[in-house]
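Beneath this line is the structure, given in structure tokens, with notes to follow.
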Amino acid sequence: MKISLPQDSRLMSEHFIYGVATASFQIEGSAASRLPCIWDTFCATPGKIRDGSNGDSACEHIDRWQQDVELIAALGVDAYRLSVSWGRVLHRDGSINIQGAQFYIDLLDELKRRNIKAFVTLYHWDLPQHIEDKGGWLNRETPYLFRDYADKISRLFGDRVYSYATLNEPFCSSYLGYETGIHAPGLAKKAYGRQAAHHLLLAHGLAMQVLQNNSPHSLNGIVLNFTPCYPQSADDADITAAKVADDYFNQWYIKPILDGAYPVLLETLDSQDRPVILDGDMDIIARPLDFLGVNFYTRAVYRHCPQQGFEQVPQSAAPKTDIGWEIYPQAFSELLIKLNDTYELPPIYITENGAAMADKCVDGRVDDPDRLAYYQSHLNAVHTAVEQGVNVKGYFAWSLMDNFEWAEGYLKRFGIVYVDYPSQTRTIKASGLAYRDLICSRRASSHHNNK
Ligand code: PNW
């Protein structure tokens, strides 16, 4: 089985960037050589992680990074998206942890040597616990600590980095972490979620400013996740419900950045749930981006509900991945086209897309036709959006390898490379081989076209 796209697609040009993505807490392990973070604490809280696991060893990437770079190179990708663990590179007092920083410098140097572009995310959810102890993202000082961290790291990494993203998915950090509590730090209050979101966006804006100063030649931006919201029926009440949900979950995080304002929904929140927004905050948040990272996995369907205004409707008959997320690639094209119609967008990179599947390694092979089909249909969806004029410049598979899937622990596998945790053996899955072949066929064909 293979993944293929129309020969003349922009996705088949050698300038289109293909990559694989990971995040520090999910793969690194070596927890003892960094500061404790909110996910260490969360994992140690009974009942929070489905298999009771933690990130202490994960994929042992800190010890095996050279082998992992080999793997990345073997996949033939143009780029590798990784995140930096704040508590590995800075001490409690904010000074640089030379040993921790050196890990990333060595990794970035090796990527550069192999001509693999580094897409570095500064914050993929692993807030140092000592910062959480002072209120974390509810404390207005945290965005300023983040700015200082971004400043130190971007000076240190210099031109090794092709692209910096300030944050990964502030929706998850704020809504899942502070509003529902299913992610670290596990707080559950609407007012907390909204205030955390505002401080995360402020942190993004403050960091953008230092990144543009320290690293003006890298692509600097942010990574947002989108779960497009569809109405259950054509009834006005359901259409309104889906629109409100969309404003609450999706537009809340992009509109402040691109339009300098929250959705009008802000004004309908109970006053005690409204975040404190100081004069000048929206200008800081709305600094221009060099790129927008878009993460897409699934859609959600909503109907009107008298109490909360909207309620999600489970799609019981629909095809789903192993994590229970509906497979609905059409929403991916529609999302990109709608974003392009709604906003003045910077260039778009798909910074995550992928599927969890119940993989098994048999005789050294992992056959994952459902994941392969997911990549095929979602790359088709990106192609469709590009045909409609959306400026998508790259695509990253989530994930390079199976890893710690947050509240799901190690039970859900998103990798295009299989990880046998007891032996830490990596095996490229059939989907990974097909992804490699797609990338490679693109090069061959673009040479042909250039003649
Ligand atoms: C993203 N949701 O998480 C993250 O960026 C990755 O670290 C993660 O492994 C991957 O997607 C797969 O889950 C999300 O509930 C988690 O909408 C939850 C949601 C979205 C993204």
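For ligands, and for the atoms within them, numbers begin at 1 and follow the listed sequence. Residue numbers start at 1 and run along the sequence shown. All figures in this text were calculated on a predicted structure; none of them were measured in a lab.
- The protein atom (non-hydrogen) at minimum distance from atom 5 (O) of ligand 1 is Glu352 OE2, 2.8 Å.
- The distance from the SG atom of Cys229 to the OH atom of Tyr248 is 12.5 Å, given to the nearest 0.5 Å.
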>> Apply salt bridge (Lys or Arg N to Asp or Glu O under 4.0 Å) to residues Arg50 and Glu408 and explain how you reach the verdict.
In response: CA-CA 5 Å; Arg50 197 185 287 256; Glu408 304 288 332; 2.8 Å; yes
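- Every atom of ligand 1 with a heavy atom of Asn225 under 4.0 Å away is listed here by number and element: 20 (C).
- In terms of N/O distances under 3.5 Å, ligand 1 is not approached by Asn403.
- For the ligand labelled ligand 1, residue Lys412 lies outside the 4.0 Å heavy-atom shell.
- The protein non-hydrogen atom at the shortest distance from atom 21 (C) of ligand 1 is Glu169 OE1, 3.3 Å.
- Looking only at protein heavy atoms, the nearest one to atom 10 (C) of ligand 1 is Tyr297 OH, 3.3 Å.
- In this structure, Arg194 satisfies the cation-pi test against Trp252, with its NZ or CZ atom closer than 6.0 Å to the six-membered ring centre and inside 45 degrees of the ring normal.
- When all heavy atoms of Glu169 and Trp125 are compared, the pair lying nearest together is OE1-CZ2, 3.1 Å.
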> Should Asp40 and Arg34 be marked as a salt bridge (Lys or Arg N to Asp or Glu O under 4.0 Å) after you check the CA-CA gap, both sets of side-chain angles, and the distance that decides it?
Replying inline: CA-CA 11 Å; Asp40 297 310; Arg34 56 162 173 77; 2.7 Å; yes
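- Residue Glu405 has at least one N or O atom closer than 3.5 Å to an N or O atom of ligand 1.
- Heavy atoms of Trp406 approach ligand 1 to within less than 4.0 angstrom.
- When non-hydrogen atoms are compared, ligand 1 lies under 4.0 Å from the side chain of Cys172 (C-beta onward) but not from its backbone.
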> Should Arg81 and Glu352 be marked as a salt bridge (Lys or Arg N to Asp or Glu O under 4.0 Å) after you check the CA-CA gap, both sets of side-chain angles, and the distance that decides it?
Replying inline: CA-CA 9 Å; Arg81 174 171 178 247; Glu352 284 179 30; 2.9 Å; yes
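- Test Arg413, Arg365, Lys429 against Asp359 for salt bridge (Lys or Arg N to Asp or Glu O under 4.0 Å) and you get one pass: Lys429.
- Glu132 approaches Leu127 most closely through the heavy-atom pair OE1-CD2, 3.7 Å.
- Considering backbone and side-chain atoms alike, Trp125 places every N or O at 3.5 Å or more from each N or O of ligand 1.
- Here is the list of ligand 1 atoms found below 4.0 Å of a heavy atom in His124: 4 (C), 5 (O), 6 (C), 7 (O).
- Leu176 CD1, 4.1 Å is the protein heavy atom nearest to atom 15 (O) of ligand 1.
- In this structure, Arg10 forms no cation-pi arrangement with Phe16, as its terminal cationic atom is not both closer than 6.0 Å to the ring centre and no more than 45° off the ring axis.
- Under the 4.0 angstrom criterion for non-hydrogen atoms, Trp325 is in contact with ligand 1.
- Neither the backbone nor the side chain of Ile323 comes within contact range of ligand 1; no heavy atom lies under 4.0 Å.
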